Amino acid sequence: TVKAEGDPLEGNDTYCKLFEVVHAMAGTYTIGTLYQGSSRNYTTFQDALNDLYLRGLTGPVTFELTDAYYDIGNINSPFPALDLSSKIIGVSPQNTITFKPSTMRSLSKGSITVKLSSGSGIGILFGQNSSPMNSYAPVLEVIPSLVRKYANSDGYIIFDGGQQKSIKFVLNTNSPFRSVFYLGNGASNIKIQNCIITNFDDNNISRRASLPLTLYNTALSMFQFQPDIRPGNETYSAAIVLRSKAPTNKDDETSNSFNLDTLPNANNVIKGNEISGFGYGIVSLGIGPLFNQGEAAYKRYYNKNNEISNNTIYNVYRAGIFLGHEEGSKVVQNRIYNVSGLSGYDAAGIILGGDRRTGYNGYNTIGISVDGNEISGVNSSIASYGIKVEQARNSYPFSNPSQVFYPDVPENSKIFNNIIWGLNPTAQNANRAGIYLCTERGASPINPRYTGYYTRNDQIINNTIIISNVASLT
């Protein structure tokens, strides 16, 4: 009620509106048709996500999957099948969001199939986003000055198939680029564990392996990042992708109107999954160095402190795991086999760094631990490696000195306790190496690109490597 002296019309001094305060979410809910009609059941994944964004959390939330089959998304849509990007109110290290099988579904392997259909090639999207698909996302409701805050995702989202690996995610897409789980800008504190991850149609597999790279454009005085799909359908596929880039407007890569934060992918756990049928099993590509205006210096924005452990990765085409612009992460006790090889590419169980192409910089890594992995059945007509580490030295313009170089600290690669066997050349002149650690090469494997650059403080200890004789190739 508002009153003013001399108001000639007092009948409009009072305004009354009724509204309902809806309690935020907490506790256990179900998704599926088994408990349809229950107040704590959602028939579809999208219904559950709508309430997450609309209501937020006041405690940890668990969604139990009760059905044998879920069909999500649209193969003709240019969007991900599920969008879990941007802020969900109330999420924290204590208030996590977990998707898991119900007790009855958790008793057998692959008892739940989640079919993710998408024209974009992305199954489930995480990370920073100023324009997410979900119409209930808080970032879409705030004033422009708050978009920066609400575009960021806190993470703390868990997909857990349980001890029997009861959840199987299959990606249904015609896109040559594909990723079942895509951890975009700043996607951190995500756990993907104990799941089966593959294609929906084994006759529609993308074997692409051309990774996106970065460059410093001196004409524009800015860093540029290749998109996942480039002209001529040059692209790659992976079950799980972690990729951050410098933030830009959705439709203008030279502008950042909302001043979105520059965020790498950090503290993610990819553990105990069974992965097959992609160019790569897991790919993690950090931003790399950027010029920080506030500090008047370059700064590393590498993906950091991620864990890739106890996964079984097989029937892939370039490598089981690729890391670039990564720091302090662990690749531990993974089983990788049957890397089939692609024409024009080397192949490996695990690749750290490298992959320079004309006009674009290659990748490097810092402080990566590769420990206790078993790798076999790596095939290539170019070169077959168990573990390949190639450190690309990149230069960037500066004032004094005139340029700076990265990596700017010792590389500190730690390669311990790995078992490597079954490296199979498919051409007479193909190279083989159990562990190949070097700086970036020039025209041949023995010629470094930069003769004055040496990778530093690396340790290769207690590995078992078996390379059998190859008498002839037919």
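Below, each value reflects all heavy atoms present in this structure, side chains not excepted, and no hydrogens, waters or symmetry copies. What you are looking at is a predicted structure, and each value in this text was computed from that prediction instead of being measured.
Annotation for Lys168: atom NZ does not count as buried by contact number, only 12 or fewer foreign heavy atoms lying within 6.0 Å. Gln46 CD: more than 12 foreign heavy atoms inside a 6.0 Å radius. Lys330 NZ: 12 or fewer foreign heavy atoms inside a 6.0 Å radius. Atom OH of Tyr136 has 12 or fewer neighbouring heavy atoms from other residues, nucleotides or ligands inside a 6.0 Å radius. For NZ of Lys245, the number of neighbouring non-hydrogen atoms (other residues, nucleotides, ligands) closer than 6.0 Å is greater than 12.
In this structure, Asn379 contributes its side chain and Gly377 its backbone to a donor-acceptor pair below 3.5 Å. A donor-acceptor pair is defined here as one N or O able to donate and one able to accept, closer than 3.5 Å; no such pair exists between the side chain of Asp261 and the backbone of Leu263. When atom types are taken as modelled, the side chain of Arg105 and the backbone of Thr103 share no donor-acceptor pair closer than 3.5 angstrom. Without hydrogens or angle criteria, Asn267 side chain to Asn189 main chain gives no donor-acceptor distance under 3.5 Å. Looking only at distances, no side-chain donor or acceptor of Ser369 sits under 3.5 Å from a matching main-chain atom of Lys414. Proximity of a side-chain donor or acceptor of Arg230 to a complementary backbone N or O of Pro227 within less than 3.5 Å is detected. Listed for the Asn273 side chain is a donor-acceptor partner under 3.5 Å among the backbone atoms of Ile192. Of the possible donor and acceptor atoms, none in the side chain of Ser106 sits under 3.5 Å from a partner among the backbone N and O of Ser166. Judged by distance alone, the side chain of Asn334 and the main-chain N or O of Ile313 form no donor-acceptor pair under 3.5 Å. The closest donor-acceptor contact from the side chain of Asn463 to the backbone of Asn417 lies under 3.5 Å.
For an aromatic pair to be called close, the ring centres must be under 6.0 Å apart, and Phe405 with Tyr450 fails this. Proximity of the aromatic rings of Phe322 and Tyr236 is defined here by a centroid distance below 6.0 angstrom, and this criterion is not met. In summary, the aromatic rings of Phe223 and Tyr396 are positioned with their centroids under 6.0 Å apart.
The CD atom of Glu440 sits 11.0 Å away from the CZ atom of Arg393 when rounded to the nearest 0.5 Å. Distance OG1/Thr262 to CG/Asn185: 8.5 Å, rounded to 0.5 Å. In this structure, Ile308 CD1 and Ile321 CD1 are separated by 5.0 Å, a value rounded to the nearest 0.5 Å. Remark: Ile88 CD1 to Asp154 CG distance equals 9.0 Å, nearest 0.5 Å.
The minimum heavy-atom distance between Gly386 and Ile375, with the atom names listed, is O-CD1, 3.3 Å. Across every non-hydrogen atom of Ser153 and Leu84, the tightest pair is OG-O, 4.5 Å. Closest heavy-atom contact between Ser175 and Thr173: N-OG1, 3.0 Å.
Ring geometry for His325 against Tyr363 counts as perpendicular: the plane angle is over 60°, on a 0 to 90° scale with 30° as the lower cut.
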Steps toward side-chain contact (heavy atoms from CB on, under 4.5 Å) verdict (Phe258, Ser145): CA-CA 7 Å; Phe258 295 117; Ser145 62; over 6 Å; no
Full working for side-chain hydrogen bond (donor to acceptor under 3.5 Å, both in side chains) between Ser244 and Asn265: CA-CA 6 Å; Ser244 277; Asn265 305 113; 3.3 Å; yes
side-chain hydrogen bond (donor to acceptor under 3.5 Å, both in side chains) assessment of Asn364 paired with Gln391: CA-CA 5 Å; Asn364 50 64; Gln391 301 289 9; 5.5 Å; no
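Classification of Asp408 and Arg300 as a salt-bridged pair holds, one side-chain N sitting under 4.0 Å from a carboxylate O.
Here the side chains of Asn394 and Arg356 are in contact, with some heavy-atom distance below 4.5 Å. In this structure, Glu326 and Ile366 have side chains that are not in contact, with every pair of non-hydrogen atoms separated by 4.5 Å or more. For the pair Tyr53/Glu141, no side-chain contact is recorded, criterion being any heavy-atom separation below 4.5 Å from C-beta on. Here the side chains of Val370 and Ser413 are not in contact, with every heavy-atom distance at 4.5 Å or above.
For the salt bridge (charged side-chain N to carboxylate O under 4.0 Å, His left out) with Asp228, the qualifying choice from Arg208, Arg178, Arg243 is Arg243, the only one to do so.
Residues meeting the ring pair (Phe, Tyr, Trp, His ring centres under 6.0 Å) test with Tyr385, sequence neighbours left out: Tyr436. Scored by the salt bridge (Lys or Arg N to Asp or Glu O under 4.0 Å) test, Lys109 finds Glu274 as partners (sequence neighbours excluded).
Side chain to side chain, Ser376 and Arg335 meet the donor-acceptor criterion of an N or O pair below 3.5 Å.
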